[in-house]
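Quick notes on the structure that follows.
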Amino acid sequence: MTRVAVVGGHGKTGRAVTAALPDAIPLGRADWDDLPGALAGCDTAYLIAPNLHPDEPTYVGDALAALTAAGVERVVYHSVASPYVPAMPHHVGKAVSEDLVRRSGLAWTILQPGAYLQNLDLSGPVVRVPYDVDAPFGFLDLADLGAAAARVLLEDGHAGATYELASRQATVRRLAGEAGFAAEKVADPRTHPWLSAMFDYYDEHGLPVGTLTLQALLA
Ligand SMILES: NC(=O)c1ccc[n+]([C@@H]2O[C@H](COP(=O)([O-])OP(=O)(O)OC[C@H]3O[C@@H](n4cnc5c(N)ncnc54)[C@H](OP(=O)(O)O)[C@@H]3O)[C@@H](O)[C@H]2O)c1
């Protein structure tokens, strides 16, 4: 049976992946004291970097070295849709990390998720986000992420593949409207410069992602 470690497994992403697998082992910050030891007995890993990690390539490179030392054979790396966007530094960190994963010597698969549907507070009466509510997105439901990750981790045939993942294409105004609510752009309450850069990019371009890859994976 495939034994999967989920590195960075305690956040919302890791919980969605772990919940979709029968026997996954979520690993957190403390496991980095001896990551090869924590990976013992696992043949596959799902690799997630913490949100806005200041140096994702180093985190990913260190994780890949630990996977190799532990004898893990397969890795699925959790990247992002449109990783090479120079205006968004944390996306570029994932683009560089994708290259490390492809050159790791492990059997690799890369998932490129769109913005999570669960990032939006759809409880109404007004859905507020810090970017243009009419910008186009491919949103990913975290339940679909779990289902797709389980397919990729537990089935053969996905080594060497890079899949973009979105559950549906929509604007925030459309999603709000479907729930009977209005939508409005508000000032960004956070000050992290990478988030501000991301919202500026979203204002101009959104983050469109196709939905057909996910449909094919889950068919
Ligand atoms: N939000 C979105 O729409 C979206 C879309 C696409 C991709 N992503 C990507 O998804 C990834 C995960 O985001 P998330 O918000 O689910 O995760 P998160 O909550 O930021 O990550 C939590 C995990 O990372 C571990 N961790 C935190 N700091 C660490 C450190 N310095 N060294 C080692 N491990 C550390 C935590 O361990 P402990 O629990 O032990 O502290 C926990 O297991 C990010 O890379 C993000 O860019 C997000």
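All ligand and atom numbering here is 1-based and tracks the order in the structure. Keep in mind that this is a model prediction, so the values were computed, not measured.
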G14 near ligand 1 by a heavy-atom separation under 4.0 Å: no
Using a strict cut-off of 4.0 Å, indicate which atoms of ligand 1 neighbour a heavy atom of A115. 3 (O)
Aromatic ring proximity W194/F199, centre distance under 6.0 Å: no
Do any N/O atoms on H10 end up under 3.5 angstrom from N/O atoms on ligand 1? yes
With a heavy-atom distance limit of 4.0 Å, tell me whether N51 approaches ligand 1 through its side chain, its backbone, both, or neither. both
Tell me yes or no: between the side chains of T2 and R74, is some donor less than 3.5 Å from an acceptor? no
Check if G114 has a non-hydrogen atom at a distance under 4.0 Å from any atom of ligand 1. yes
In ligand 1, the atoms that come under 4.0 Å of a heavy atom of K12 are 16 (O)
Among protein heavy atoms, which sits nearest to atom 35 (C) of ligand 1, and what does the distance come to when rounded to 0.1 Å? P50 CG, 3.5 Å
For ligand 1, the portion of W32 having any non-hydrogen atom under 4.0 Å away: side chain
Mind checking whether H158 and Y163 have ring centres under 6.0 Å apart? yes
Against heavy atoms of V80, which atoms of ligand 1 measure under 4.0 Å? 6 (C)
Identity and separation of the nearest protein heavy atom to atom 19 (O) of ligand 1: G11 CA, 3.5 Å
Atoms of ligand 1 less than 4.0 Å from I48 heavy atoms? 11 (C), 12 (C)
Side chain E164, main chain G210, donor-acceptor under 3.5 Å: yes
Under a 3.5 Å distance rule, please check whether E73 uses its side chain to pair with a backbone N or O of T44 as donor and acceptor. no
Between D31 and A38 (side chain of the first, backbone of the second, donor and acceptor by atom type, cut-off under 3.5 Å), is there such a pair? no
What class does the angle between the rings of Y202 and Y131 fall in, given that below 30° is parallel, 30 to 60° is tilted and above 60° is perpendicular? perpendicular
Backbone, side chain, both or neither: what part of L27 comes under 4.0 angstrom of ligand 1, heavy atoms only? backbone
Just wondering, are more than 12 heavy atoms of other shown residues or ligands nearer than 6.0 Å to CZ in R174? no
Quick look: T13 vs ligand 1, heavy-atom contacts under 4.0 Å, and the answer is both
Closest protein heavy atom (residue, atom, distance) for atom 45 (O) of ligand 1: K94 NZ, 2.6 Å
Report the nearest protein non-hydrogen atom to atom 44 (C) of ligand 1: residue, atom name, distance rounded to 0.1 Å. A49 O, 3.1 Å
Aromatic ring pairing H78/Y46, orientation class (parallel under 30°, perpendicular over 60°, tilted between): tilted
Verify the distance criterion only: is there a donor paired with an acceptor across the side chains of T171 and D134 at less than 3.5 Å? no
Of all the non-hydrogen atoms in the protein, which one sits nearest to atom 40 (O) of ligand 1, and at what distance? R29 N, 2.8 Å
Is it the side chain, the backbone, both or neither of A81 that has a heavy atom closer than 4.0 Å to ligand 1? neither
Output the list of atoms in ligand 1 that are nearer than 4.0 Å to some heavy atom of Y59, sorted by atom number. 33 (C), 34 (N)
Enumerated ligand 1 atoms positioned under 4.0 Å from heavy atoms of G28: 37 (O), 40 (O), 43 (O)
L218 side chain near D144 side chain, heavy-atom distance below 4.5 Å: yes
What are the atoms of ligand 1, with element, lying closer than 4.0 Å to any heavy atom of G9? 43 (O)
Heavy-atom side-chain proximity of Y116 to D141 below 4.5 angstrom: no
Just heavy atoms, cut-off under 4.0 Å: does H90 contact ligand 1 by side chain, backbone, both, or neither? neither
Only heavy atoms of G8, strictly under 4.0 Å: list the atoms of ligand 1 that pass. 23 (C), 24 (O), 43 (O)
With heavy-atom distances below 4.5 Å as the criterion, would you say the side chains of R29 and H10 are in contact? no
